[in-house]
Chemist: 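Quick one: structure below, then a few questions.
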Amino acid sequence: KKQFENIEVKNFHWLVSDLTEGKLQHIHLDTEEGWDRLGKEFLKYLERHPEKQKIYDAVLVDEGQDFRDIWIQSLVKLLNPKTNSFLIVYDNAQKIYRIKSSWLKDASLYVKGARHSLFLSHNYRNSKEISHLAQSLYPNKSIPSGDKDTQMLIEHYKRFQFRGPLPEIFVGSLEKQIDFILKKIKFHIDNNVLPQEIAILFFVYKDIPYNFIMDGLKGLGISAKYTG
């Protein structure tokens, strides 16, 4: 729509590739050193090409817990200093990589004139039942003594009061997993749950095409949309 025509939604690697016209694609991103190098090389590129700087009136970083300091520094270069609108959203409970980021403690290290941070003390994403299952898979004795973030999160989860159905763990072949998912969806729809209220999250591998599930849903007469 017209009101969104000036909004760009990209992950960091896509943004780097677009602005550098693919000049950094040779950097391997399968190691932490590669992630750091990508940020450093992108920052150097921006410094050599000032016409690529200050091109956004606002920058919103989602999943900021997985962003490295050097990535944040490079993104700040893209920000219009007249608007200086830079927002980072993050959740330490969703850390995928063990990244130690200075900006998590003080965003003003990189964002000039940064205002305060707003911390939300309640996580409404999971129920008490799901949190209990997660804790059982991550016993306290396995947490490094210096990992204060994880220790704090576990203590918080112990106080969860939001209730929900018990989570289920299913182990089996790919075909059996898909059959289990389809039966669950059929059960919920037969019990008056709207299809648009149901979501399936899954990894897509080369040998596991998403259309296995899509075809199964189609066979049940259930309309579905894939986004990836």
Side-chain angles (χ1 to χ4, degrees), residues 9-18 22 25-35 38 61-68 71 89-99 123-144 147 149-150 153-154 157-158 160 162-228:
V9 181
K10 300 177 181 178
N11 63 39
F12 183 75
H13 307 90
W14 181 7
L15 176 68
V16 171
S17 179
D18 277 359
Q25 289 184 350
H26 62 281
I27 298 176
H28 296 291
L29 301 177
D30 51 356
T31 64
E32 290 194 23
E33 290 75 15
W35 301 335
L38 178 67
V61 176
D62 193 16
E63 307 294 354
Q65 70 277 357
D66 294 324
F67 272 65
R68 311 182 83 78
W71 294 9
V89 182
Y90 71 97
D91 181 357
N92 277 338
Q94 297 187 65
K95 277 187 177 178
I96 298 177
Y97 313 104
R98 290 193 173 275
I99 297 175
N123 187 330
Y124 294 90
R125 181 182 300 271
N126 295 323
S127 64
K128 191 177 185 70
E129 289 76 10
I130 292 177
S131 300
H132 179 74
L133 174 63
Q135 290 173 47
S136 68
L137 299 175
Y138 198 175
N140 287 330
K141 63 182 180 181
S142 68
I143 303 172
D147 193 349
D149 285 339
T150 302
L153 288 167
I154 287 181
Y157 290 154
K158 289 179 180 178
F160 259 37
F162 316 114
R163 307 308 297 257
L166 289 171
E168 298 180 60
I169 296 178
F170 181 85
V171 179
S173 65
L174 173 61
E175 290 76 13
K176 289 183 178 180
Q177 290 179 47
I178 293 175
D179 183 62
F180 175 80
I181 292 171
L182 295 175
K183 286 180 179 178
K184 279 291 178 183
I185 293 175
K186 185 69 165 57
F187 170 81
H188 288 303
I189 290 178
D190 288 345
N191 284 273
N192 301 318
V193 176
L194 297 175
Q196 57 265 37
E197 294 181 352
I198 300 175
I200 309 171
L201 305 180
F202 58 93
F203 286 107
V204 177
Y205 298 100
K206 292 181 180 178
D207 57 341
I208 307 179
Y210 73 91
N211 59 318
F212 281 11
I213 294 179
M214 299 298 286
D215 290 345
L217 292 171
K218 186 177 180 180
L220 293 175
I222 300 172
S223 177
K225 179 182 179 182
Y226 171 77
T227 58

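Since the model is a prediction, treat every value here as computed from it, not as a measurement. In what follows, every heavy atom counts, from backbone to side chain, and hydrogens, waters and symmetry copies are set aside.
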Chemist: Name all residues meeting the side chain to side chain donor-acceptor pair (under 3.5 Å) criterion together with K176; count only those two or more places apart in sequence or in a different chain, and write none if there are none.
Modeler: none
Chemist: Under the side chain to side chain donor-acceptor pair (under 3.5 Å) rule, collect the residues that match up with D18, sequence neighbours excluded.
Modeler: K10, W14
Chemist: So how far is it from L217 CG to I200 CD1, rounded to the nearest 0.5 Å?
Modeler: 5.0 Å
Chemist: If you round to the nearest 0.5 Å, how far is CZ of R68 from CD of E32?
Modeler: 5.0 Å
Chemist: Rounded to the nearest 0.5 Å, how far does OG of S223 lie from CE of M214?
Modeler: 8.0 Å
Chemist: Does W35 use its side chain to pair, donor to acceptor, with the backbone of W71 at less than 3.5 Å?
Modeler: no
Chemist: Provide the full list of side-chain hydrogen bond (donor to acceptor under 3.5 Å, both in side chains) pairs with a residue in residues 178-188, sequence neighbours left out, each pair given once.
Modeler: E168-K184, D179-K183, K186-D190
Chemist: List for me each residue that meets ring pair (Phe, Tyr, Trp, His ring centres under 6.0 Å) alongside F187, sequence neighbours excluded, and say none if there are none.
Modeler: none
Chemist: Who are the side chain to side chain donor-acceptor pair (under 3.5 Å) partners of N191, not counting sequence neighbours?
Modeler: none
Chemist: Specify the closest pair of heavy atoms between L38 and H13, including all atoms of both residues, with the distance to one decimal.
Modeler: CD2-CD2, 3.5 Å
Chemist: Which label fits F12 and F67: parallel for a plane angle under 30°, tilted from 30 to 60°, or perpendicular past 60°?
Modeler: perpendicular
Chemist: So which atom in G34 and which in L29 form the shortest heavy-atom distance, rounded to 0.1 Å?
Modeler: O-CD2, 3.7 Å
Chemist: Under the rule for side chain to side chain donor-acceptor pair (under 3.5 Å), what residues qualify as partners of Q177, not counting sequence neighbours?
Modeler: none
Chemist: Can you name the closest pair of heavy atoms from S127 and R163 and give their distance?
Modeler: CB-C, 3.9 Å
